[in-house]
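Since we're looking at a predicted model, the values are computed, not measured. Convention: sequence-line order gives letters A, B, ...; per-chain numbering from 1.
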Amino acid sequence: MVVDLKGHTVVVAEKPRAAAKIATALNLKKYNMFGLPYWVGMVNSKLVVVVGTAGHLFTLSSDERGYPIFNYKWVPRWVENDEARFLVNYFKLMSKLFKNASEYINACDYDIEGSVIGYMIIRNFGDPKKAKRMKFSSLTLEELRYAYNNLKPIDWNMIDAGLCRHELDWLWGINVSRALSDVFGKVYMRRTILSAGRVQSPTLVEVTNNFLNASTFVPDVKFSLRVKVSINGRNYALENLFDPFEDLDLAKSLAENIRRVKKLEVLESNVTDVYVDPLPPFNLPDLQYEASRIYGYTPYRTLSIAEELYLESLISYPRTNSQKLPRSLNNREIISGIAKIKEYSALAKELLAKDILMPTEGRKDDPAHPAIYPTGYHPLRDLKVDALKIYDLVVRRYLASFSDPAYVRKVKNVITFETYRFSLSGSKVMSNGWLRYYPYMNFITREIPILRAGDVVEVVEVKVVSTYSRPPQGYTKTSMLKWMESVGIGTEATRAEIIENLFRRGYLKTSSKYVEVTDLGFQVVKVLNTFFTDLTNVELTRKFESLLNNIVKGSTTRELVISEVKQLLKNKLDIFKERIWKEGDEEVSKILGINKVKCRICGKSVHTVIDGLQLCEVHLTAYNNIKYRYDAWKQKLRINWDDYLIKLSKIKYLGSYSKEVVNYLISISNEKNSKLRGL
DNA sequence: GCAAGGTC
Ligand SMILES: [Zn+2]
């Protein structure tokens, strides 16, 4: 060690990069130990050491087997997890730098996790009684200096709330995971590692419900017109501004009337010019959505690449929810850096010619980090193709935020026949603006003539068409992420990984474009719904949040919250164990719906025999939906059951399970008919 | 071994 450390102050930041910024603000000198950086120097005539951790160094753990399990302690992460071996050097560094220190400063992100990260390190290597808290929300030199000179006392309530969050998730997660592993081990006679948790389980339930609805879907039918007109020698299809008909005869007679008259009248024509502002710079979810939309990357892949780019200093911190750039950012310098890259040179120079650089901002924010932006450094030679693509998105979206609005002209002609209205609409991008910087938007250009009220257009085709109601859209990994974000579960750093985990456990699979639920997934959901309903609902997160808030406010304590949840879990786990152990295998089979009678379509256990059909639960649901829709189809199309089935079998919106049932019913019917003929 | 949360 270069300096003899004694009676000094240790400042702990959440990550080495934040530590470096703090050190710069305090004018410290950089050193290395165990391959890791730390900084030393005099501040206000006191010796100060700044060090960065790598997030949590400690985690909850227990040696006890079985469940209910209510005893745990904090241990170094590398004790629990081999992949955390790299943290050993951080431990060695901390223990060296904390030795003989007289004061400690927690400079981790100012949120409850940051409070826990810093607290656990100070508790282990120093003394929390001699600790203070540094509060800042951006890493600008001014703000960091101010925060250092205006330290706050340790917020014990915030630390307790953070510790409580860890304990609650551990208690719920570990206990229910073990309960699941237990019951499935019994059923399948082999050890299986299953999991459940506050974030993953509501996500699994959401995907399962959606998958069931989509795959047992049976469409309704209505009737509509398809009208084509000719204007200046070109044909255009019109859009109907009226709802489809329930009654086929009404649609037919309207079609007949239009065919007879062969002309429609223009009611009005509207031209609107719309200015579309640039989209704001990326937060992580937006980057994940766009990388998925444009390149088909999974959220996990995008996050991994963004992390690489961040560690190579090419982009700023990626695990952020903010759509706002820091006010103090030197954008001119960054854009000048980007201008040295050939691909962006011309675009960047256009921006540099502006007097004022004013980026658009989004609504979303983050307590500790700004939106993602390029740093302007660029050793681009070695970037792999996928990293280059993500980098390109970040650069372009950043540049676009300083650019001008796009200008789009929208034309809408309203055309009438009696009281029925049709529209012929289109749009054209008149001025590209920011779309040149970010050329990934699909503004559909459709050029159409601008008509005048009173004009008459010639009809060239009128058709009556059947329209079918649509099933719910299936989930992808990306739309799962969107759902999690929209209901407020998980964080930027964890959502992608939690989604991958549901696949790794074998609950979900992707065989086509959309996510499918496996048999195991269905059964896990069934057990959770039966015994651990709380864990299937996003409301548990809301409840946690309110409890943690109360701890921060001081209106309840961690001890109280934990003892209540232990009691609640004990009751639930006792009931669970009683059912599956005392009442034997039959009871377990009953809960999972397992029996000896096989579904005639898929071979899984039969739920209830209805109409003499041996069908499992999902096929039965599909069958009931098919029966339910028949009344409407019969009335509207005046068709019998067999014809109904044949019509259904040809519709692409029919759910996959419904299709299997329809085909099965058709085959039964064919067998019957051929037998009749044989007689 | 199971969670969810940090970050390399
Ligand atoms: Zn079946």
A.B. asks: By salt bridge (Lys or Arg N to Asp or Glu O under 4.0 Å), which residues pair with A:D63, not counting sequence neighbours?
C.D. replies: A:K73
A.B. asks: Output every pair passing ring pair (Phe, Tyr, Trp, His ring centres under 6.0 Å) with a member in residues 70-89 of chain A, not counting sequence neighbours, ordered by first then second residue.
C.D. replies: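 Listed once each, the pairs are A:Y72-A:W170, A:W74-A:H166, A:W78-A:F91.
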A.B. asks: Please, which pairs that meet side chain to side chain donor-acceptor pair (under 3.5 Å) have at least one residue in residues 152-164 of chain A, sequence neighbours excluded?
C.D. replies: A:D160-A:R558
A.B. asks: Using a cut-off of 4.0 Å between protein heavy atoms and nucleotide atoms, how would you tag nucleotides 2-7 of chain B 5' to 3' with B, S and -?
C.D. replies: BBBBBB
A.B. asks: Please name all residues satisfying side chain to side chain donor-acceptor pair (under 3.5 Å) with A:E559, sequence neighbours left out, ordered by chain then number.
C.D. replies: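 For A:E559, no residue satisfies side chain to side chain donor-acceptor pair (under 3.5 Å) once neighbours in sequence are set aside.
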A.B. asks: Please list, chain by chain and in numerical order, all residues satisfying ring-ring contact (aromatic ring centres under 6.0 Å, His included) with A:Y188, sequence neighbours excluded.
C.D. replies: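 Partners of A:Y188 by the ring-ring contact (aromatic ring centres under 6.0 Å, His included) criterion come out as none, since no residue qualifies.
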